[in-house]
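Right, one structure below, let's go through it.
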Amino acid sequence: MIILKIIGWILYIALKMVIGVIQIVLTFLATCISFGGRVFQLAGGLIGTLFVMGSLIGLPMGIVSGKEFWQMFFLGIAFGAIPAFLASVGRDGIYAVKGVLNKI
């Protein structure tokens, strides 16, 4: 019985060490996603701003029609929102996995 407890204790320590390494890798991955996501958010925000401002300026000047206005407007919003959503979901997903591993 004591031998089984010792084996269980050793396996528990080994499991904690493996989970610790996985936690470190996930933290590094979350940091990389956060940084890369921020870069893509900035680029997408700039492109989205160009589309939205172009549609808002082009409509009164008669350069774009009503249909083109809405297409450019929603495309600009999508360029700004999709990278922010993906970065947020990726980072929060990794933190959720880390939380589950932390409960073990």
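In what follows, residues are counted from 1 in the order of the sequence shown.
Atoms CE and CE, on Met53 and Met72 in that order, are 11.0 Å from each other to the nearest 0.5 Å. Once rounded to the nearest 0.5 Å, the distance linking OG of Ser55 with CD1 of Ile63 reads 11.5 Å. Considering CZ of Arg91 and SG of Cys32, their distance stands at 13.0 Å, rounded to 0.5 Å. Rounding to the nearest 0.5 Å places CG of Leu75 at 11.5 Å from CG of Leu50. From Ile47, atom CD1 reaches atom CZ of Phe40 across 10.5 Å, with rounding to the nearest 0.5 Å. Taken to the nearest 0.5 Å, the CD1 atom of Ile24 stands 9.5 Å off from the NZ atom of Lys98.
Atom CZ of Phe69 has more than 12 neighbouring heavy atoms from other residues, nucleotides or ligands inside a 6.0 Å radius.
Here the shortest heavy-atom pairing between Ala78 and Pro83 reads O-CD, 4.0 Å. The two residues Ala87 and Gly37 come nearest to each other via the heavy atoms CB-CA, 3.7 Å. Residues Ile104 and Lys16 approach most closely at O-NZ, 2.7 Å, considering heavy atoms.
In this structure, Ile2 is not a member of the same hydrophobic cluster as Leu11, with clusters built from ILVMFWY side-chain heavy atoms closer than 4.5 Å. Tracing side-chain contacts under 4.5 Å through hydrophobic residues (I, L, V, M, F, W, Y), one reaches Phe74 starting from Ile57; they form part of the same cluster. Connection of Leu56 to Leu59 is established within a shared hydrophobic cluster, with ILVMFWY side chains joined at heavy-atom distances below 4.5 Å, either directly or through further cluster members. Under the 4.5 Å side-chain heavy-atom criterion for grouping Ile, Leu, Val, Met, Phe, Trp and Tyr, Trp70 is connected to Val52 within one hydrophobic cluster. Both Trp9 and Met17 are part of a single hydrophobic cluster, where members link through side-chain heavy atoms under 4.5 Å apart.
Within the 4.5 Å cutoff, side-chain heavy atoms of Gln23 are placed close to those of Asn102. With contacts defined as side-chain heavy-atom distances shorter than 4.5 Å, the pair Leu101/Leu26 qualifies.
The six-membered or imidazole ring of Phe51 lies away from that of Phe73, with a centre-to-centre distance of 6.0 Å or more.
For the pair Ser88 (side chain) and Ala84 (backbone), a donor-acceptor distance under 3.5 Å is absent.
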